[in-house]
Protein chains: 2
Amino acid sequence: MVQGIYEDIAGTLRSHGLQVTSQRILIYDYLIHTREHPSAQQVFEDVFESLPGISKATVYNTLEVLSNHGLIQKININSGVTRYDGDTSVHSHLICTHCHRIIDYFDDSFLGLRVPENLWNGFEVKRTCVIFYGVCDSCREELAAQAKEKRKARKDCVVPFKRDLKQVDAWLTVKTKG
Amino acid sequence: MVQGIYEDIAGTLRSHGLQVTSQRILIYDYLIHTREHPSAQQVFEDVFESLPGISKATVYNTLEVLSNHGLIQKININSGVTRYDGDTSVHSHLICTHCHRIIDYFDDSFLGLRVPENLWNGFEVKRTCVIFYGVCDSCREELAAQAKEKRKARKDCVVPFKRDLKQVDAWLTVKTKG
DNA sequence: CTCTAATTTTAGAATGATTATAAGATATCA
DNA sequence: TGATATCTTATAATCATTCTAAAATTAGAG
């Protein structure tokens, strides 16, 4: 059968109660096979080559659906753009803060971290995420060294902090009067 | 001296080569003392009460400057909004995927994870981030259980994946012809 | 203390990712 | 094959964040 190569993906979608559409198959298939942790825009552009006319809204909808069903994984980095990973197996990510490249990292010593006790302070852990921010090989020489380690202990403060206005006013007055 | 309570913060700013302004002092002071991991919008609203007229652009500028100097920390969660943490000590975060609350979590057993060997595949690690996504105590009962664990091994694929167009066309033809 | 240059703040516009909408197309199932 | 629920689409709308250029402020020299 010609469509045999997509039968497994179609079956996976059905097993999650999702309708099978060519858009979903191609997006999921794409994410499973790429290692580039693409953004929605990248998914759109690459899948568009296989399925011209696909809408960006469909890409967002599908990514959301697949993510909600645990078939893919969202990755949030310091760039304002969500990235997607078709590999839901246990692994960490090295994220380059310069070029925003995301590299898969597998290390058995982190496995213990992955499945912690399920309830902490009444919080039920669903997924553990280990991210190493840094600079990748190809970016290192481009970057100026600005590593400064500053650790300031936080004062004990349980309630939402609100500075006493009189103190602030007094200080501002001192600083701003001519 | 009236402004004594801000002298330490002013000194910290100066030691990082930053000019001392009332905006920076109040924002940094606010972040050090709150435990709410606020967004830029929340910082703006709360600091606005102490310093009416402060601009949102200043809040963003200041948060960026403080973050770049390691005085505060950005937290990226699955909500499209960056959160900020004035506590730069070693700790993890529990993030509720429902209400987006962020809870500090301290556990010595993760300390080993925090300072890994510095070079992996040429990648230089600057910061390690452990996040536990889940559902907080007050949100658990509101949520429908949709935990499905699906693990699909990724096929070995080194180059950026591109599906053969003829196969896709053939399949799409089968699926779409009347 | 005063002056000057460099830096910072500001308001508002611009950007860009993501989400909402409602109409049309498609998948599913009897 | 037909009915119905679901999905896709184009477009508009939203909203966090960044950009811009002018006004205000800081820091340091005199």
Side-chain angles (χ1 to χ4, degrees), chain A residues 3 6 9-11 13-28 38-45 47-48 51-69 74-84 100 171-178, chain B residues 3 6 9-11 13-28 38-45 47-48 51-69 74-84 100 171-178:
Chain A
Q3 67 269 43
Y6 293 120
I9 289 182
L13 293 175
R14 285 193 198 97
S15 74
H16 282 263
L18 300 173
Q19 283 195 6
V20 176
T21 67
S22 50
Q23 291 87 347
R24 286 176 174 177
I25 285 184
L26 289 173
I27 289 172
Y28 188 32
S39 64
Q41 174 68 31
Q42 287 174 293
V43 173
F44 171 70
E45 290 174 6
V47 172
F48 193 92
L51 192 60
I54 190 174
S55 163
K56 199 175 283 187
T58 300
V59 172
Y60 276 102
N61 288 342
T62 302
L63 292 173
E64 190 64 21
V65 166
L66 295 177
S67 173
N68 287 341
H69 284 264
K74 286 186 181 182
I75 307 173
N76 289 95
I77 66 179
N78 286 339
S79 79
V81 183
T82 300
R83 307 277 285 269
Y84 297 88
H100 299 134
W171 185 82
L172 292 176
T173 304
V174 170
K175 294 297 286 184
T176 57
K177 80 177 178 194
Chain B
Q3 67 268 44
Y6 293 119
I9 289 182
L13 293 174
R14 285 192 200 96
S15 73
H16 282 265
L18 299 173
Q19 283 195 8
V20 176
T21 68
S22 50
Q23 291 86 347
R24 284 176 176 175
I25 285 183
L26 289 172
I27 290 172
Y28 187 32
S39 64
Q41 174 68 30
Q42 286 174 293
V43 173
F44 171 71
E45 290 173 7
V47 172
F48 193 92
L51 191 61
I54 190 173
S55 164
K56 197 175 285 186
T58 300
V59 173
Y60 277 102
N61 289 341
T62 302
L63 292 172
E64 190 63 22
V65 165
L66 294 177
S67 172
N68 287 340
H69 284 264
K74 287 186 181 180
I75 307 173
N76 290 96
I77 66 179
N78 286 338
S79 78
V81 183
T82 299
R83 307 279 283 270
Y84 297 88
H100 299 133
W171 186 83
L172 291 175
T173 303
V174 170
K175 294 298 287 184
T176 55
K177 80 179 178 191

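To find a chain, count down the sequence lines: A is the first, B the second, and so on, and within it residues start at 1.
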Asker: Is there side-chain contact between B:Gln19 and B:Arg14, with heavy atoms separated by less than 4.5 Å?
Answerer: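 Answer no - side chains too far apart.
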Asker: Among the nucleotides C:dT9, C:dT28, D:dC7, which one has an atom lying closest to any side-chain atom of A:Arg24?
Answerer: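 Given the options C:dT9, C:dT28, D:dC7, the side chain of A:Arg24 is closest to D:dC7.
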Asker: Less than 4.5 Å apart, side chain to side chain, heavy atoms only: is that true for A:Asn68 and A:Glu64?
Answerer: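 They are in side-chain contact.
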Asker: Measure from NE2 on B:His16 to P on C:dT8 and round the result to the nearest Å.
Answerer: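 My rounded result for the distance is 15 Å.
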Asker: Nearest whole Å is fine: how far is D:dT8 P from A:Phe48 CZ?
Answerer: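 Value for this atom pair: 16 Å.
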Asker: Checking contacts here: which listed nucleotide (D:dT8, C:dA11, C:dT9) is nearest the side-chain heavy atoms of B:Ser55?
Answerer: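 Given the options D:dT8, C:dA11, C:dT9, the side chain of B:Ser55 is closest to C:dA11.
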Asker: How many whole angstroms separate atom CG of A:Leu66 from atom P of D:dC7?
Answerer: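 These atoms are roughly 11 Å apart.
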Asker: Quick test of your reading: applying side chain to side chain donor-acceptor pair (under 3.5 Å), list the pairs with at least one residue in residues 52-63 of chain A, sequence neighbours left out, ordered by first then second residue.
Answerer: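 Sorted result for residues 52-63 of chain A: A:Gln41-A:Lys56.
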Asker: At how many degrees, to 10°, do the end axes of the helix from C:dC1-D:dG30 to C:dA30-D:dT1 meet when each uses five pairs?
Answerer: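 Inter-axis angle at the ends, rounded: 40°.
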Asker: For A:Leu18 and D:dC7, give me the distance from atom CG to atom P, rounded to whole Å.
Answerer: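 My rounded result for the distance is 7 Å.
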Asker: Between N or O atoms, less than 3.5 Å apart, protein on one side and nucleotides 16-20 of chain D on the other: list the pairs.
Answerer:
{"unit_1": "D:dT17", "atom_1": "OP1", "unit_2": "B:Thr82", "atom_2": "N", "d": "2.9"}
{"unit_1": "D:dT17", "atom_1": "OP1", "unit_2": "B:Thr82", "atom_2": "OG1", "d": "3.1"}
{"unit_1": "D:dT17", "atom_1": "OP2", "unit_2": "B:Tyr60", "atom_2": "OH", "d": "2.7"}

Asker: Could I get the full list of side-chain contact (heavy atoms from CB on, under 4.5 Å) partners for A:Gln42, not counting sequence neighbours?
Answerer: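 Partners of A:Gln42 by the side-chain contact (heavy atoms from CB on, under 4.5 Å) criterion, ordered by chain and then number, come out as A:Pro38, A:Ser39, A:Arg83.
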Asker: Send over the distance from B:Ile77 CD1 to C:dT18 C1', rounded to a whole Å.
Answerer: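 Interatomic distance, CD1 of B:Ile77 to C1' of C:dT18: 15 Å.
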Asker: Answer yes or no: does a side-chain N or O of B:Thr21 lie under 4.0 Å from OP1 or OP2 of C:dT9?
Answerer: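 Answer is yes, contact under 4.0 Å.
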Asker: Give a yes/no answer on whether the side chain of A:Gln23 brings an N or O atom under 4.0 Å of OP1 or OP2 in D:dT9.
Answerer: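 Answer is yes, contact under 4.0 Å.
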Asker: Once rounded to the nearest 0.5 Å, what's the spacing between atom CD1 of B:Ile9 and atom CD1 of B:Ile27?
Answerer: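 Separation between the atoms: 11.5 Å.
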Asker: Taking atom OH of A:Tyr28 and atom CG of A:Leu13, what is their separation to the nearest 0.5 Å?
Answerer: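 Result: 7.5 Å between the selected atoms.
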Asker: Roughly, in whole Å, what's the span from CG in A:Leu51 to C1' in C:dA25?
Answerer: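 Roughly 14 Å, once rounded to whole Å.
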Asker: Could you state the atom-to-atom distance from CD1 of A:Ile27 to P of D:dT8 in whole Å?
Answerer: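 Between P of D:dT8 and CD1 of A:Ile27: 8 Å.
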Asker: Rounded to the nearest Å, what distance is computed from the NE2 atom of residue B:His69 to the C1' atom of nucleotide C:dT7?
Answerer: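 From B:His69 NE2 to C:dT7 C1': 13 Å.
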Asker: Quick check: do B:Tyr84 and B:Leu66 have side-chain heavy atoms less than 4.5 Å from each other?
Answerer: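 When only atoms from C-beta onward are counted, B:Leu66 and B:Tyr84 do not touch, as no gap falls below 4.5 Å.
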Asker: Apply ring-ring contact (aromatic ring centres under 6.0 Å, His included) to A:Phe44 and list each qualifying residue two or more places apart in sequence or on a separate chain.
Answerer: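 Per chain and number, A:Phe44 pairs via ring-ring contact (aromatic ring centres under 6.0 Å, His included) with A:Phe48.
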Asker: Could you pull out all residues at least two apart from A:Ser67 that satisfy side-chain contact (heavy atoms from CB on, under 4.5 Å)?
Answerer: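 side-chain contact (heavy atoms from CB on, under 4.5 Å) check on A:Ser67 returns A:Ile72, A:Lys74.
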